[in-house]
Amino acid sequence: MDSSTFNSYLQSTGITDKRVLEAFLKVPRTEFVLTKDIYRAYEDIPLPIGEGQTISQPSLVAQMTQELKLKGNEKVLEIGTGSGYQAGLLSHLANKVYTIERISSLANHARLIFKKLGYKNIKVVTGDGTKGLKKYAPYHAIIVTAGARDIPQQLIKQLKKGGRIVIPVGKSPADQILQVGVKRHGELKIYDIEPVKFVPLIGKFGWSK
Ligand code: SAM
């Protein structure tokens, strides 16, 4: 599949936000997958990225991105940089992107790709994203791309009034549901979207391994 056929495919899966579809045309997924998998970069499948981690299937990345309802002027926090693909998309959709990765080799690799592609509005932080990133809070939107036990309170605190959080939550990796939370009057109104399967969110306010 070439990138424009891929875009029509994403529309067929329910992606209607034109800015999200445009971002998918701009960000080359080929740069974010392992060399051996480049020929599969535009298939709608998760792929390995090293260190036992994965890049999610594009239709799910698109859906999670669309749920953030970004207009372009936002400050966004991503937990789970992984390959950097999601952050690359966000860099076209928001004003500033902060992304946290606990595995330093993945964080370093993502930094190199962002430099190569000229993405200047992304800051990669190596660390435990379950604590959020207080230094730059509050955020208009937070996206968590690893499976959480529950929604960490630190993340809710660091979300702006009216802000949105998109996060997979579940008691076990086999029992995760994608949730969207909207912060109103200091509290989070939560909506269930669909069952998903993500690697675990490991950290102080996540899983222990
Ligand atoms: N968004 C990524 C992309 O576009 O390639 C895919 C993320 S991958 C499914 C999940 C990532 O979350 C892994 O790289 C993993 O190391 C990371 N992760 C897990 N727990 C974390 C934590 N507490 N803080 C930061 N990163 C974490």
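Read the numbers this way: they start at 1 and go in the same order the structure lists the ligands and their atoms. Note that the structure is a prediction, hence the values are computed from the model and not measured.
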Using distance alone, determine whether [X] and ligand 1 share an N or O pair under 3.5 Å.
X	value
Ile202	yes
Phe198	no
Gly80	yes
Thr54	no
Ser56	no

Between Thr145 and ligand 1, which part of the residue brings a heavy atom under 4.0 Å of the ligand: side chain, backbone, both or neither?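 Thr145 to ligand 1: contacts from backbone and side chain alike.
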
Protein heavy atom at shortest distance from [atom]:
atom	value
atom 5 (O) of ligand 1	Ser83 OG, 2.6 Å
atom 27 (C) of ligand 1	Arg102 CG, 3.6 Å
atom 16 (O) of ligand 1	Glu101 OE2, 2.6 Å
atom 13 (C) of ligand 1	Gln53 OE1, 3.2 Å
atom 4 (O) of ligand 1	Gln86 N, 3.0 Å
atom 19 (C) of ligand 1	Pro200 O, 3.5 Å

Step by step, would you call Ser59 with Thr13 a side chain to side chain donor-acceptor pair (under 3.5 Å)? CA-CA 7 Å; Ser59 55; Thr13 68; 5.4 Å; no

Between atom OH of Tyr139 and atom CD of Glu78, what is the distance when rounded to the nearest 0.5 Å? 12.5 Å

Name the orientation class of the two ring planes belonging to Tyr42 and Phe6 (parallel below 30°, tilted from 30 to 60°, perpendicular beyond 60°). perpendicular

Looking at ligand 1, would [X] count as a contact under a 4.0 Å heavy-atom criterion?
X	result
Gly127	yes
Glu51	no
Val61	no

Please name the pair of heavy atoms, one in Ile167 and one in Asp150, separated by the smallest distance, quoted to 0.1 Å.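 Where Ile167 meets Asp150 most closely, the heavy atoms are CD1-O, 4.4 Å.
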
Non-hydrogen atoms of Trp207 and Gly170 that approach each other most closely: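 Smallest interatomic distance, heavy atoms only, reads CZ2-O, 3.3 Å.
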
Can you check whether Ile55 reaches Phe32 side chain to side chain, under 4.5 Å on heavy atoms?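 Contact flag for Ile55/Phe32 side chains = yes.
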
Quick one, Gln11 and Thr16 - any side-chain contact, counting heavy atoms below 4.5 Å?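 Not in contact.
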
Going through the checks in order, is the side chain to side chain contact (heavy atoms under 4.5 Å, CB included) test met by Thr130 and Leu201? CA-CA 8 Å; Thr130 65; Leu201 180 74; 3.6 Å; yes

Tell me if the NZ atom of Lys123 is crowded by more than 12 foreign heavy atoms within 6.0 Å.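 Open.
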
